[in-house]
Amino acid sequence: MSERKEKGAPEGFVKIKEGQAEILFPENDEVFYNPVQVFNRDLSTCVISVFAKKFLQERSQRARKKLQLRWKEEGIEDDFSDESLEKFAEKYPHIARMRGVNDKGYSRDEHGINILEALAASGLRSIRYYKEIDTVSHVICNDFSEEAVKNIQRNVEFNHLDTSTQVKPNHGDATLLMYQHRSFDDRYDVIDLDPYGTAAPFLDGALQSVRNGGLLCITCTDMAVLCGAHGDTCFAKYGAMPVKAQHCHEMGVRILLGLTSTIASRYGRSIQPLISCSIDFYTRVFVRVHDGAAKAKLSATKMAHYYQCTFCQNHYTPPMGRQREGKRGGKKFVPGQAPPISQHCSNCNRVFQMGGPLWGGPLHDREFIGECIEYAKERGDFATEKRMVGMLSTCKEELELPLYYTINGLCGVVHCSSIPHEKFRSALGNAGYEVSPTHCTPQGIKTNAPQHVIWDIIRTWVKEHPVSSRVLEGNSPSVQILSKDITTEIDFTFNKDAQPKTSLTSLTRYQMNPTKNWGPKSRAKGKREHNDSEEANDGTATKKKGKDNEQ
């Protein structure tokens, strides 16, 4: 993963090499290094690299269109060649700055993207971004801690980078800094938010200060909150009510995306998730932000309410809004409709819990993921390449449906032996439905099959593999589920097309614990200590083990 070197480090420091960066960490400092997060930084570097080339190309195309309009207005005749931007650079300096990597006159320092790392700690991530992504003009490396900024300054100089033009240390409040860059010309192309716990307090500033078409990279480590352990805290921070369920990790990702979309729509902006993942002990999402009031007004069509049975895994995610044909043609926005359920679950007769709102749209952009996979393979020097390609390949296979089922969870409801994954997938495929894995857990599956078909598979399996007689006593929910008639013809014969393609490769789709007692480290002491008392009040201070300044 990373390489730890004592040789060459000044007295009192430890030198760590990760990617192309070499970082000095004070031996007894609170700003510390966590090797578990190498995957996060590798993935982020890969995503931003692919995004930057696409973003610069799009920007160049917009510049050419603007020039074409100017020429028509002024009666200028030109062959519209690659030299056009260079030719009219002096007359139209603002448009001329919008050049792609392949345009004549392109310069990294002048035309590359800028990045804000709002909560930088040691500066390791920022240094890697500048040294490993050749389309980055400069990185603003910000932290609220004065001591952390000194470490950033030291590390930037140790990597022979210019602190005034390449990686720029900045001591300030992240939210205030972003609010100061809301004007069109001052916005950032990429903003990376990687705080201790929730990123919610920073989203409003980030969504106003990121450029049109720009990228937000967001990490949240308060998984206990997002997954339903503290519903009151989750609603206070994210404006959504979680429900404890087998698919809680994807629910947490969708709650974060839902808040991001809601805030963006306030400013006439919409989001486009590129990659949205539940990884280890945190969520990490990469979303593009686009201007446009029309799309912002339709954000409700991608938001959903959430209904979850308290016993079985039956769930429904009806959209909060929908579009329909208007009487005079065109599309008309109308409120969403309630799901076809009663107060009690038709499967087990237990009551439903209601949660949300959460993001109901796609989590990933498959085309973009494909480009990231190709880039990671082509580059070939990421320490976590095998895991990165495996996880991205699994994300690419996921069906664009909200939430998933777990096979062991379904079987546990009726206390039957677990159905082998290939048999369960084959049964769905043979019945004519789609099925895919989920990146969240190896036990999870996504399918467009109705829920009664899923339970028909369980009932058919129980007929062939009977449960204990004690399970069938009384009138328990399990008895009510198993006593229903099977209305779907179930065939467990192996179906190759129903199996995930990634399972046939040697890719690391699901990471095992890399070391004993691995995971996030404790919050750095002495930094913004007033937050400790606030978290003690919300009931999560003893539960959260995320990272403040953790690298």
Heavy atoms from other residues, nucleotides or ligands near [atom1] of [X] exceed 12 (cutoff 6.0 Å):
X	atom1	result
K331	NZ	yes
K446	NZ	yes
K302	NZ	no

Residue pair [X] / [Y], side-chain heavy-atom distance below 4.5 Å:
X	Y	result
V47	C217	no
R288	L274	yes
I419	L410	no
C277	V285	no
S49	E132	no
L124	E18	yes
R284	C220	no
L363	E250	yes

Between atom [atom1] of [X] and atom [atom2] of [Y], what is the distance when rounded to the nearest 0.5 Å?
X	Y	atom1	atom2	result
L203	L193	CG	CG	6.5 Å
Y306	M354	OH	CE	12.5 Å
M388	N40	CE	CG	10.0 Å
K168	L116	NZ	CG	11.5 Å
H249	H439	NE2	NE2	10.0 Å
L43	L392	CG	CG	6.0 Å

Side-chain donor or acceptor of [X] paired with backbone N/O of [Y] under 3.5 Å:
X	Y	answer
R322	F333	no
D192	E117	no
D143	A121	yes
N448	E434	yes
H111	V101	no
T301	L298	yes
T283	I279	no
R182	Y179	yes
N159	E22	yes
T406	G444	no

Worked check of side-chain hydrogen bond (donor to acceptor under 3.5 Å, both in side chains) between S418 and N408: CA-CA 6 Å; S418 186; N408 58 344; over 6 Å; no
For F39, does the six-membered ring have the charged nitrogen or CZ of R387 within the cation-pi criterion, i.e. under 6.0 angstrom from the centroid and within 45° of the normal?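 Output yes; distance and angle both within limits.
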Any cation-pi pair here, R379 with Y375, using under 6.0 Å and within 45°?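 No.
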What verdict does the side-chain contact (heavy atoms from CB on, under 4.5 Å) test give for Y238 and D222, after you've listed the backbone C-alpha separation in whole Å, the side-chain angles of each residue and the deciding distance to 0.1 Å? CA-CA 11 Å; Y238 296 93; D222 55 338; 2.9 Å; yes
Check [X] against [Y] and note the closest heavy-atom contact, atom names and distance.
X	Y	answer
S265	S299	CB-OG, 3.7 Å
S436	E398	OG-CA, 3.5 Å
C440	Y404	CB-OH, 3.7 Å
N495	S426	N-OG, 2.9 Å
Q37	D194	NE2-OD2, 4.2 Å
T219	A199	O-CB, 3.6 Å

For A229, what residues pass the side chain to side chain contact (heavy atoms under 4.5 Å, CB included) criterion, not counting sequence neighbours?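 Listed in chain order: A224.
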Are the charged groups of K237 and D232 less than 4.0 angstrom apart, N to O?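 Looking at D232 together with K237, the answer is no, because their closest N to O distance does not fall below 4.0 Å.
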Can E371 and K54 be counted as an ion pair, charged N to O under 4.0 angstrom?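 Yes, this pair counts.
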Checking side-chain polar atoms at under 3.5 Å, does S137 have a donor or acceptor matched by the opposite partner on D109?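 Absent: no donor and acceptor within the cut-off.
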Start with the C-alpha distance between H290 and R269, add both sets of side-chain angles, then the distance that settles side-chain contact (heavy atoms from CB on, under 4.5 Å), and finish with yes or no. CA-CA 5 Å; H290 300 285; R269 317 190 87 178; over 6 Å; no
H181: what forms a ring-ring contact (aromatic ring centres under 6.0 Å, His included) with it, not counting sequence neighbours?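 H181 satisfies ring-ring contact (aromatic ring centres under 6.0 Å, His included) with Y188 once adjacent residues are dropped.
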Would you check, one step at a time, whether the test side-chain hydrogen bond (donor to acceptor under 3.5 Å, both in side chains) holds for N212 with R187? CA-CA 9 Å; N212 178 30; R187 290 178 178 176; over 6 Å; no
Show, in sequence, the C-alpha distance, side-chain angles and deciding distance for S183 and D186, and conclude whether the side-chain hydrogen bond (donor to acceptor under 3.5 Å, both in side chains) test is met. CA-CA 5 Å; S183 63; D186 293 336; 2.9 Å; yes
Could you walk me through whether L257 and V287 pass side-chain contact (heavy atoms from CB on, under 4.5 Å), step by step? CA-CA 9 Å; L257 288 174; V287 300; 3.6 Å; yes
Who pairs with R211 by salt bridge (Lys or Arg N to Asp or Glu O under 4.0 Å), at least two apart in sequence or on another chain?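 By the salt bridge (Lys or Arg N to Asp or Glu O under 4.0 Å) rule, R211 matches D189.
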Tell me if the centroids of the rings in Y405 and H315 come within less than 6.0 Å of each other.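 Yes.
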Audit row: K501, E397, side-chain contact (heavy atoms from CB on, under 4.5 Å) steps and yes/no: CA-CA 8 Å; K501 294 180 178 61; E397 280 191 299; 3.4 Å; yes
Report the C-alpha distance between D204 and Y267 in whole Å, list the side-chain angles of each, state the deciding distance to 0.1 Å, and finish with yes or no for side-chain hydrogen bond (donor to acceptor under 3.5 Å, both in side chains). CA-CA 10 Å; D204 189 84; Y267 305 106; 2.6 Å; yes
